[in-house]
There are 2 protein chains.
Amino acid sequence: MIALKVTIGDVAKKANVSKTTVSRILNENYAHTTAETREKVLMAIKELEYRPNALAKGLKSMRTNVIGIMLSNLKNPFWSTVLEGVEDTCRELGYNLMICNSNENPEMEEEFIKEFQMRQVDGVIINPTCKNPDLYDKLIDQNYPMVIVNRRIQNENAYGVVVDNVKGAYIAVNHLLKYGRKRVAVSLFKNPFVSTWKERLEGYKKAFLANGFTEADYIIMELEEGKDQKEYIKRFLRKHPDIDAIFSTNTMVTLEVIGAIKDMNLKIPEQIAIVSYDETIWSKYLDPPLTTIRQPGYQMGQRAAQSLIDLFQSKSKPLPATVVLEPELIVRISCGAIPKT
Amino acid sequence: MIALKVTIGDVAKKANVSKTTVSRILNENYAHTTAETREKVLMAIKELEYRPNALAKGLKSMRTNVIGIMLSNLKNPFWSTVLEGVEDTCRELGYNLMICNSNENPEMEEEFIKEFQMRQVDGVIINPTCKNPDLYDKLIDQNYPMVIVNRRIQNENAYGVVVDNVKGAYIAVNHLLKYGRKRVAVSLFKNPFVSTWKERLEGYKKAFLANGFTEADYIIMELEEGKDQKEYIKRFLRKHPDIDAIFSTNTMVTLEVIGAIKDMNLKIPEQIAIVSYDETIWSKYLDPPLTTIRQPGYQMGQRAAQSLIDLFQSKSKPLPATVVLEPELIVRISCGAIPKT
DNA sequence: CTGAAAGCGCTAACAT
DNA sequence: ATGTTAGCGCTTTCAG
């Protein structure tokens with residue numbers, strides 16, 4: 001038995017009114033309706049189990065109440081948290097969500113933007129690959145409602161929600177240096193496009209300079225995505241046997257770093273201390289419990305969804321701005337300091 | 001500068017043809033078109049940067065090429081993996097994805113199903129709360145394209161993709177018993193609705209009976225969601241000081257179990273062994289490295305999306321069936337056995 | 001307070 | 001090989 005499609009016309013017929021009247025009542029436009037007809041119509045709707053066709057409504061009204069989110073990675077649990085924030089906010093504000101995953105691939109990114117536009121989503125939240133600057137510029141020029149999350153793009157007129165990555169890296173590395181580490185390496189992906197990695201490197205350097213070190217003290221371990229990172233890290237550590245701490249800018253890499261250190265039979269934190277992005281529910285159960293930088297992912301998702309929806313709901317369009325959220329250092333014993341507990 | 005909406009009419013005008021012709025070319029219906037007009041039209045499309053309005057197309061054709069997925073939990077990384085499988089498959093097959101999260105709440109679940117239907121999605125993938133049997137029955141009776149993942153519902157005519165939970169629990173507990181543990185407890189959520197927990201309990205019991213134990217040997221630790229689980233677990237362990245192993249049916253609970261055991265200064269695995277659902281990238285880096293049951297989440301997502309899309313693409317409708325995937329035991333030292341590496 | 005009619009952008013008979 | 005026309009289900013002027 002296939003569900004019969006019941007339309008606004010069926011409801012109108014059943015209630016002995018016009019489609020117009022039904023439409024008005026559906027949209028809570030009660031100003032022009034008596035309580036009596038309202039009752040009749042609502043009854044008919046209930047009896048027929050009528051559900052408005054959102055396609056038709058969207059086609060006519062030019063708004064779908066759907067927003068799109070494009071992530072670049074589903075594996076990192078940070079993004080689940082962001083997604084949760086976005087999802088909750090959408091539900092509260094009456095929006096539905098379309099999702100896609102660029103996988104850091106700029107062609108995919110462009111393709112998915114097109115698809116979102118064809119589907120007439122009211123706006124998009126995007127963690128950009130950062131490899132499509134012309135695309136971002138074009139969308140912004142066209143006033144396409146868009147909120148950039150997590151990473152920064154080179155455009156003054158973008159709306160964004162980010163976490164302060166310079167600060168996050170700074171407090172991580174500063175902590176290591178304050179507790180006496182001298183040879184602190186940073187691990188990061190060799191990707192000239194992504195702002196987060198540039199900023200975390202900047203924070204790393206800033207902490208060095210603030211603690212009386214010089215550029216000569218930087219130890220930068222650049223990783224290529226997709227390679228066998230553990231092997232590379234081991235080679236790097238053998239080449240730099242004086243390293244006494246590692247600041248890892250990525251959760252997955254951190255695990256490889258821990259693996260490499262264990263393979264080499266070095267002790268954490270006695271011989272090598274670790275501080276890592278991002279805090280997860282596992283961090284405190286790892287061996288050893290991990291000192292991390294916590295990023296407020298849920299809030300990032302919330303703020304992004306709110307800002308986006310503001311963009312097409314508020315009469316006076318808010319000025320372009322990037323909200324900057326604060327990271328937080330969670331101290332555990334992987335960095336050698338005594339945990340606060 | 002706001003993006004002007006360019007329609008099929010604009011393209012037709014520019015190319016000096018009718019909308020029909022443009023429509024045919026858009027849909028690769030080249031049988032009735034000369035190469036020449038085809039060129040003209042494709043040029044016009046490119047120049048105007050025309051993008052078909054998917055709403056209008058969907059309204060007319062009664063198909064949107066969108067499917068919906070409803071999860072019940074975004075926190076557990078298992079679901080990110082499933083989502084990845086679904087997302088990849090959708091992209092490959094030309095579908096877009098809407099996502100929502102019931103949060104185990106049956107009212108939300110019902111509400112979101114309605115919204116998916118209003119949006120005319122072609123079908124849904126759902127991890128059911130299992131608390132809306134009438135809703136599931138109704139959708140199935142109406143032939144609504146739907147694939148149930150992870151959990152089972154009480155309806156013979158459902159399409160499903162699950163992992164064998166009886167088997168997963170069986171191999172976990174069997175392993176503990178074979179390695180000499182006598183007092184193996186199982187931790188699970190007190191939720192009479194969810195099939196996965198019932199099945200994992202069944203597998204636990206089955207392993208006992210297969211190893212010469214009796215019903216009297218079961219030790220069942222029932223947890224309530226939302227409570228302070230660590231405290232409860234500690235109390236339970238004090239009440240049952242002879243427990244020498246725990247089979248945890250949930251990742252989050254496992255972490256609480258580890259926390260509780262550490263708080264009590266007991267040794268894993270010497271005093272208490274652990275085997276846990278699910279394998280994650282952290283499992284091997286925990287203290288101690290965790291023996292787990294791995295579930296093929298990515299494949300679950302893939303299969304679900306494929307089956308769903310088959311449902312409305314294949315001429316001869318496939319018969320209702322539930323695909324059962326195989327779990328796998330990953331042995332590490334938390335269960336006391338020597339890891340295979 | 002209510003209804004008729006036009007039209008959102010697209011597709012698909014049915015002409016030509 | 002191409003065009004005309006009639007809707008898909010809804011909202012919204014404009015008339016009554």
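Naming: A, B, ... by sequence-line order, numbering from 1 per chain. FYI, side chains are in, hydrogens and waters are out, and symmetry mates aren't considered; it's all heavy atoms of this structure.
Here the C1' atom of nucleotide C:dG3 and the CG atom of A:Asn16 are 13 Å apart, to the nearest Å. Atoms CG (B:Asp10) and P (C:dC8) sit 11 Å apart, rounded to a whole Å. Atoms CZ (A:Arg63) and C1' (D:dC10) sit 16 Å apart, rounded to a whole Å. Between the NZ atom of B:Lys40 and the P atom of D:dA1 there is a distance of 14 Å, given to the nearest Å. Whole-Å rounding puts the A:Asn65 CG to D:dC10 C1' distance at 15 Å. C:dC10 atom P lies 10 Å from atom CD1 of B:Ile45, rounded to whole Å. At whole-Å resolution of the value, CZ in B:Arg119 and P in D:dG9 are 17 Å apart. The separation between B:Gln117 atom CD and D:dG9 atom C1' is 16 Å, rounded to whole Å.
For A:Thr81, there are no side chain to side chain donor-acceptor pair (under 3.5 Å) partners at least two apart in sequence or on another chain.
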Inset, instruction - Take B:Lys138 and B:Asp141 through the test salt bridge (Lys or Arg N to Asp or Glu O under 4.0 Å) and record every step on the way to the result. - result: CA-CA 5 Å; B:Lys138 187 170 127 199; B:Asp141 285 350; over 6 Å; no
Legend entry - Residues A:Glu104, A:Lys75; criterion salt bridge (Lys or Arg N to Asp or Glu O under 4.0 Å); working and verdict: CA-CA 12 Å; A:Glu104 304 290 0; A:Lys75 295 197 198 333; over 6 Å; no
Legend entry - Residues B:Leu311, B:Ser307; criterion side-chain contact (heavy atoms from CB on, under 4.5 Å); working and verdict: CA-CA 6 Å; B:Leu311 231 49; B:Ser307 304; over 6 Å; no
Distance-only donor-acceptor hits, side chain of residues 156-163 of chain B, under 3.5 Å, sequence neighbours excluded:
residue  : atom : partner  : partner atom : Å
B:Tyr159 : OH   : B:Pro318 : O            : 2.6

Tabulate protein N/O versus nucleotide N/O from nucleotides 12-16 of chain C, keeping only pairs under 3.5 Å, one per line.
residue : atom : partner : partner atom : Å
C:dA12  : N6   : B:Thr20 : OG1          : 3.0

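Between C:dC10, D:dG9, D:dT4, one nucleotide has an atom nearer to the side chain of B:Ile8 than all others, and that is C:dC10. Residue B:Thr21 has its side chain nearest to D:dT2 when only C:dT11, C:dG3, D:dT2 are considered.
In the displayed structure, A:Arg151 atom CZ is contacted under 6.0 Å by more than 12 heavy atoms of other residues, nucleotides or ligands.
Of the N and O atoms on the side chains of B:Thr129 and B:Glu109, at least one donor lies less than 3.5 Å from an acceptor on the other residue. Between the side chains of B:Gln120 and B:Thr64, not a single donor N or O lies within less than 3.5 Å of an accepting N or O.
Proximity of a side-chain donor or acceptor of A:Tyr136 to a complementary backbone N or O of A:Cys130 within less than 3.5 Å is detected. B:Thr37 places no side-chain N or O within donor-acceptor distance of the main-chain N or O of B:Thr33, the cut-off being under 3.5 Å.
For the segment residues 46-57 of chain A, residues with any heavy atom less than 4.0 angstrom from an atom of DNA chain D are, sorted by number, A:Tyr50, A:Pro52, A:Asn53, A:Ala56, A:Lys57.
The C1' atoms of five pairs define one axis at each end of the helix from C:dC1-D:dG16 to C:dT16-D:dA1, and these two axes lie 40° apart (to 10°).
Sorted by first and then second residue, the salt bridge (charged side-chain N to carboxylate O under 4.0 Å, His left out) pairs involving residues 13-22 of chain A (not counting sequence neighbours) are A:Lys14-A:Glu47.
Taking side-chain N and O atoms only, B:Ser18 has no distance below 4.0 Å to OP1 or OP2 of D:dT5.
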